[in-house]
Amino acid sequence: MAAAKLTALVGTDPPEHDIQRRMLIPSFTVKRVNSLRPAIRRVVGEKIDALLAGGRTTADLVPEFALPVPSTVICELLGVPYSDHDFFEQQTSRMVQATSTAQQASDAAAALVGYFDELIAAKEAKPGEGLLDELITGRLATGELSRPELASIAMFLLVAGHETTANMIGLSVLTLLEHPDQLAEVREDPDVAAGAVEELLRFLSVADELQRVAAADIEIGGVVVKEGDGVYLPNAAANRSPHVFTDPDTLDVRRGTRHHLAFGYGVHQCIGQNLARAELEIALRELAVRIPTLRLTEPLEALGVKPGGSVQGVFRLPVTW
Ligand code: HEM
């Protein structure tokens, strides 16, 4: 990922991080996410209806399914107008693509924070519904959060809430199309979908290369990492470790995958993981069931993948049915 400095959540340390995280946890519990499942089903259903409308038989699933599903869901959760999606999707892409310069990434992050600054002011004047509105009345009005802090948190939630899941939906569809036997299992047995999501999270590890700065000298495997050194943590490699997973390079939706690191590890472990799981499960299963003849229109090699250092994914996913 290009180096936009983050001032919220993953960009903070305890005790500031604990305070921010505690404010958000209630909105991402399994129970809360389960209450969002009907809304997620509706969003997924609408996107598939649009694909099938008017007897069409081709589409690019990135702009028509993989991206709008999580974008719409995170907008509804936060209370952000989806009509602004072109703006925030473009800025997000500039912020996280490895091909962006550090300056471009910082400018994009600043544009998104500026957007939230204005949205917060508009919501203060005319409150709406959503997590952002709850944080305005419950934390901003009480002085617990300043406006720049809230704008940074909201920006991070919006970016993290759609970019990773969108890439994961796109790559998962592609991977299942390349493994038709596994796709058939997801289509034919509704109980397989949740396990398939865990296995795809492990297998694809889209948010690879987590970054940290060593807080003290530490020896790992005979190598001393010095205090202040930057460290990349390749969670994709851990998720393919033969010491943990039998035959790790094989996709097996019935593996019973557990303890993968696709959502990170420790205090910064993904706060949106329950939401991501629900979105992936519903999106992949509904697509498999409602469009059983789905297939690529171009060879896999022609698609190209996002450059290393970005959230892993494809730019386009041309399909027919
Ligand atoms: C498949 C989709 C997703 C993947 C693979 C993913 C992956 C990750 C990973 C690996 C981290 C840890 C980063 C680190 O330690 O440096 C993380 C953190 C985070 N994720 Fe996700 N994520 C996904 C979806 C979501 C969603 C839907 C949200 C919703 C808002 C979200 C919000 C966050 C937040 C706020 C953090 C920072 C948590 C903290 O610092 O305490 N993510 N995610």
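Just follow the structure's listing: the first ligand is 1, and inside any ligand the first atom is 1.
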*List every atom of ligand 1 that sits less than 4.0 Å from any heavy atom of His17, numbering the atoms from 1 in the order shown and giving each element.*
39 (C), 40 (O), 41 (O)

_Proximal atoms of ligand 1 relative to Met168 (non-hydrogen, under 4.0 Å)_ = 1 (C)

*Protein contact of atom 23 (C) of ligand 1 - nearest heavy atom, named by residue and atom, plus distance*: Thr164 OG1, 3.2 Å

*Would you say the side chain of His260 lies within less than 4.5 Å of the side chain of Phe203, judging by non-hydrogen atoms?*
no

*If you draw the axis of the six-membered ring of Phe245, does the NZ or CZ of Arg202 fall within 45° of it and under 6.0 Å from the ring centre?*
yes

_In the structure I gave you, are the side-chain heavy atoms of Met168 and Thr164 within less than 4.5 Å of one another anywhere?_
no

*Could you tell me the residue and atom name of the protein heavy atom closest to atom 7 (C) of ligand 1, and the distance to it rounded to 0.1 Å?*
Ala262 O, 3.6 Å

*Does Arg21 reach ligand 1 with a nitrogen or oxygen that is under 3.5 Å from one of the ligand's nitrogen or oxygen atoms?*
yes

_In this structure, does ligand 1 have an atom that sits under 4.0 Å from one of the heavy atoms of Arg277?_
no

*Identify, for atom 8 (C) of ligand 1, the protein heavy atom at the shortest distance, and state residue, atom and that distance.*
Cys270 CB, 3.7 Å

*For atom 37 (C) of ligand 1, closest protein heavy-atom neighbour*: Phe156 CE2, 3.6 Å

_Closer than 4.0 angstrom, basic N to acidic O: yes or no for Asp247 and Arg255?_
no

*asked:* If the contact criterion is a heavy-atom separation under 4.0 Å, does Asn167 count as touching ligand 1?
replied: no

*Evaluate the side-chain proximity of Leu132 to Leu150: yes if any heavy-atom separation is below 4.5 Å, no if none is.*
yes

_atom 12 (C) of ligand 1 - nearest protein heavy atom and its distance_ = His268 O, 3.5 Å

_Using a 4.0 Å cut-off to any heavy atom of Leu157, which atoms of ligand 1 qualify?_
30 (C), 35 (C)

*Going by heavy-atom distance to atom 16 (O) of ligand 1, choose the closest among Arg212, Glu163, Gln211.*
Arg212

*asked:* With rounding to the nearest 0.5 angstrom, report the CG to CG distance, Asp84 to Leu119.
replied: 7.5 Å

*Contact check, side chains of Leu158 and Phe116, non-hydrogen atoms, under 4.5 Å*: yes

*Side chain, backbone, both or neither: which part of Val267 has a heavy atom under 4.0 Å from ligand 1?*
backbone

_Heavy-atom side-chain proximity of Ile136 to Leu145 below 4.5 angstrom_ = no

_Gln312 and Ser205 side chains, donor-acceptor separation under 3.5 Å_ = no

_Looking at every heavy atom in both Trp321 and Leu51, which two are closest together, and how far apart are they?_
CZ2-O, 3.3 Å

*Give the residue and atom name of whichever protein heavy atom lies nearest to atom 11 (C) of ligand 1, and the separation in Å to one decimal.*
Phe263 O, 3.8 Å

_Nearest-neighbour protein heavy atom for atom 29 (C) of ligand 1, which is reported as residue plus atom name and distance_ = Gly161 CA, 3.6 Å

*Verify the distance criterion only: is there a donor paired with an acceptor across the side chains of Thr101 and Gln103 at less than 3.5 Å?*
no

*asked:* Below a 4.0 angstrom heavy-atom separation, can you tell me which part of Thr165, side chain or backbone, both or neither, approaches ligand 1?
replied: both

*With a cut-off of 4.0 Å, which atoms of ligand 1 are near a heavy atom of Gly272?*
26 (C), 27 (C), 28 (C), 29 (C), 31 (C), 32 (C)

*asked:* Let me confirm one number: the CG-CG distance from Leu275 to Leu77, rounded to the nearest 0.5 Å.
replied: 6.5 Å

*Looking at Ala276, which atoms of ligand 1 are within less than 4.0 Å of one of its heavy atoms?*
1 (C), 2 (C), 24 (C)

_How far is atom 32 (C) of ligand 1 from the closest protein heavy atom, and which atom is that?_
Ala160 CB, 3.6 Å

*Take every heavy atom of Gln273, measure it against each atom of ligand 1, and state whether any distance is under 4.0 Å.*
no

*Return the orientation label for the His17 and His268 ring planes: parallel under 30°, perpendicular over 60°, tilted otherwise.*
tilted

_Distance under 4.0 Å to a non-hydrogen atom of Gly264: what atoms of ligand 1 satisfy this?_
10 (C)

*At a 4.0 Å threshold, what atoms of ligand 1 neighbour a non-hydrogen atom of Val10?*
13 (C), 14 (C), 16 (O), 40 (O)

